Amino acid sequence: TTYVSDEAKALWAPWVLHCGLSPEASYSAEMLKVIGFAIELAGCPIVKGGAVNLTRAFERLIRDHGGDIRTGCDVAGITLGTNGKATGVRLSDGTEIGARRGVIASVTPDQLYRRLLGETKKPLPADVEKGLKSYRYGKGDMQIHYALKAPPTWKAGDELGKVALLHLTDGLDAVSRSSNEAERGLLPAEPTVCVGQPTALDPSRAPDGGAILWLQLPDTPRHIKGDAAGLLDCPQDGRWTEALREAFADRVEAMLSAHIEDFKDNVVARSVSSPADLETMNMNLVGGDPYGGFCGLDQFFIWRPFKSAVNHRTHVPGLYHIGASTHPGPGLGGGSGFLLASSLK
Ligand SMILES: Cc1cc2nc3c(=O)[nH]c(=O)nc-3n(C[C@H](O)[C@H](O)[C@H](O)COP(=O)(O)OP(=O)(O)OC[C@H]3O[C@@H](n4cnc5c(N)ncnc54)[C@H](O)[C@@H]3O)c2cc1C
């Protein structure tokens with residue numbers, strides 16, 4: 001189907017950004033349909049009280065089944081037995097944790113093969129070396145969180161205040177321009193802004209009468225070459241600084257202010273995370289890529305992370321690779337873990 005009206009194109013185009021793609025990417029037309037079908041089938045469920053409650057539910061499930069959870073631990077390596085089988089992990093403080101059946105790693109391929117298996121000094125199979133050389137990461141991401149005194153009043157009409165996730169864009173060409181600028185290392189002059197309004201569906205996420213906004217900027221460069229608008233000073237080394245992060249967030253805030261009544265007066269607090277901040281929080285987000293690797297056709301779906309990868313197995317017996325960098329790709333559905341668990345039963 002080809003949509004004719006500009007409005008329909010504007011409605012759909014930003015969704016390709018949620019797969020880390022751009023409207024020009026060869027796989028974006030297919031992924032847009034996947035997203036459309038997924039929303040039609042399952043909707044966009046949200047967790048009452050905040051996404052943290054989903055994590056809490058999993059924690060409880062694991063503990064109820066006799067599992068143990070340790071946080072704040074850095075796994076520095078995977079230990080192998082004399083027969084070459086994965087026997088457990090070693091933390092960076094030297095603690096070793098043994099595995100009865102195997103090790104499942106939810107990390108990027110670079111971390112798994114270069115870091116966690118690096119110490120074994122064993123040569124990697126040729127197909128893994130080849131895969132690692134060609135594996136690429138996607139655009140960065142920026143998050144802006146607002147605490148508001150009251151729900152936003154959208155100038156275009158009250159109905160917008162009831163939407164859980166909307167996109168601020170001038171349309172298909174604007175989405176194309178914004179993502180193209182980011183892919184070329186530029187801060188988009190007019191970024192596509194994903195505006196999440198969790199309190200529209202779940203008022204319990206803010207104090208009585210208040211509201212929160214969750215903004216995602218999927219078109220943010222990992223390594224900055226310049227500002228497409230030619231207004232912001234960009235660091236010579238291409239790295240994010242706090243000053244640039246806040247200045248770029250001001251650009252986004254000005255866009256919001258154009259669409260929401262008295263936006264600035266309504267703000268209680270703002271917290272911004274640049275791509276570099278996201279990577280600091282979680283080393284799987286390389287350069288702030290939220291999807292653990294570019295989602296182009298050559299390294300997506302059954303070709304993720306490598307064309308030679310099969311059923312989350314690695315060349316090391318008892319070592320399995322899951323997570324956003326593996327089949328069927330990124331997302332909160334936990335697809336790779338589910339598939340592996342089903343095959344290990
Ligand atoms: C800002 C943002 C918004 C997103 N929005 C959505 C969305 O709306 N919908 C959606 O479906 N997806 C979304 N995603 C993508 C989604 O969050 C990821 O695809 C998903 O979380 C990947 O799960 P994972 O288990 O592969 O890895 P992770 O969530 O990265 O979990 C792996 C964990 O392992 C830890 N770890 C890594 N290496 C080590 C080590 N050596 N030692 C110890 N711990 C380690 C990491 O710190 C992390 O906590 C978003 C991502 C981001 C960043």
Side-chain angles (χ1 to χ4, degrees), residues 14-15 17-21 31 34-35 38-39 42-47 50-52 54-55 58-59 62 69-79 88-93 95 97 103-119 137-145 164-167 193-198 214-220 222 271-295 300 304-305 312 320-341:
W15 283 99
L17 307 178
H18 292 276
C19 323
L21 296 170
M31 284 312 292
V34 172
I35 286 200
I39 294 175
C44 280
I46 67 157
V47 186
V52 69
L54 187 66
T55 312
F58 274 119
E59 281 176 14
I62 290 167
I69 301 168
R70 301 190 196 188
T71 55
C73 301
D74 177 36
V75 175
I78 288 162
T79 53
V89 297
R90 190 178 41 72
L91 307 185
S92 48
D93 68 4
T95 309
I97 302 172
V103 176
I104 300 172
S106 179
V107 296
T108 62
D110 289 300
Q111 189 187 177
L112 180 62
Y113 294 105
R114 298 271 187 240
R115 182 182 184 223
L116 302 182
L117 287 175
E119 275 185 15
Y137 293 90
K139 284 175 290 184
D141 181 70
M142 183 184 254
Q143 294 293 125
I144 308 179
H145 297 272
L165 177 63
L166 53 88
H167 295 104
V193 188
C194 313
V195 186
Q197 305 189 96
W214 175 101
L215 267 51
Q216 186 172 23
L217 282 300
D219 292 331
T220 322
R222 286 191 285 129
S271 166
V272 190
S273 302
S274 73
D277 297 327
L278 291 177
E279 185 172 13
T280 306
M281 288 175 211
N282 178 355
M283 66 197 297
N284 280 355
L285 310 178
V286 177
D289 170 6
Y291 303 125
F294 178 60
C295 297
F300 204 14
R304 193 168 180 90
H312 307 98
Y320 307 94
H321 188 197
I322 60 162
S325 305
T326 69
H327 170 66
L332 298 166
S336 57
F338 174 77
L339 291 172
L340 177 64

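Bear in mind the structure is a predicted one, so any value in this text is a computation, not a measurement. All values below come from the heavy atoms of this structure, side chains included, with hydrogens, waters and symmetry mates left out. Counting starts at 1 for both ligands and their atoms, in listed order.
For L285, the side-chain contact (heavy atoms from CB on, under 4.5 Å) partners at least two apart in sequence or on another chain are L278, N282.
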Distances for all N or O pairs of ligand 1 and the protein under 3.5 Å?
{"from": "ligand 1", "atom 1": "11 (O)", "to": "L332", "atom 2": "N", "distance (Å)": "2.8"}
{"from": "ligand 1", "atom 1": "19 (O)", "to": "G331", "atom 2": "N", "distance (Å)": "2.8"}
{"from": "ligand 1", "atom 1": "25 (O)", "to": "S106", "atom 2": "OG", "distance (Å)": "3.0"}
{"from": "ligand 1", "atom 1": "26 (O)", "to": "S106", "atom 2": "OG", "distance (Å)": "3.2"}
{"from": "ligand 1", "atom 1": "26 (O)", "to": "A324", "atom 2": "N", "distance (Å)": "2.7"}
{"from": "ligand 1", "atom 1": "30 (O)", "to": "N282", "atom 2": "ND2", "distance (Å)": "2.8"}
{"from": "ligand 1", "atom 1": "30 (O)", "to": "N284", "atom 2": "ND2", "distance (Å)": "3.0"}
{"from": "ligand 1", "atom 1": "38 (N)", "to": "Q111", "atom 2": "NE2", "distance (Å)": "3.1"}
{"from": "ligand 1", "atom 1": "41 (N)", "to": "V75", "atom 2": "O", "distance (Å)": "3.0"}
{"from": "ligand 1", "atom 1": "41 (N)", "to": "Q111", "atom 2": "OE1", "distance (Å)": "2.6"}
{"from": "ligand 1", "atom 1": "41 (N)", "to": "R115", "atom 2": "NH1", "distance (Å)": "3.3"}
{"from": "ligand 1", "atom 1": "42 (N)", "to": "V75", "atom 2": "N", "distance (Å)": "2.8"}
{"from": "ligand 1", "atom 1": "47 (O)", "to": "N282", "atom 2": "OD1", "distance (Å)": "3.2"}

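With hydrogens and angles disregarded, a donor-acceptor distance shorter than 3.5 Å links the side chain of E279 to the backbone of G287. With H312 contributing its side chain and H327 its backbone, the two residues share a donor-acceptor pair below 3.5 Å.
If you check the side chains of T108 and D110, you find no donor sitting under 3.5 Å from an acceptor. The closest side-chain donor-acceptor pair between D277 and T280, if any, does not fall under 3.5 angstrom.
You'll find the side chain of W15 reaches within 4.5 Å of the side chain of H167, heavy atoms only.
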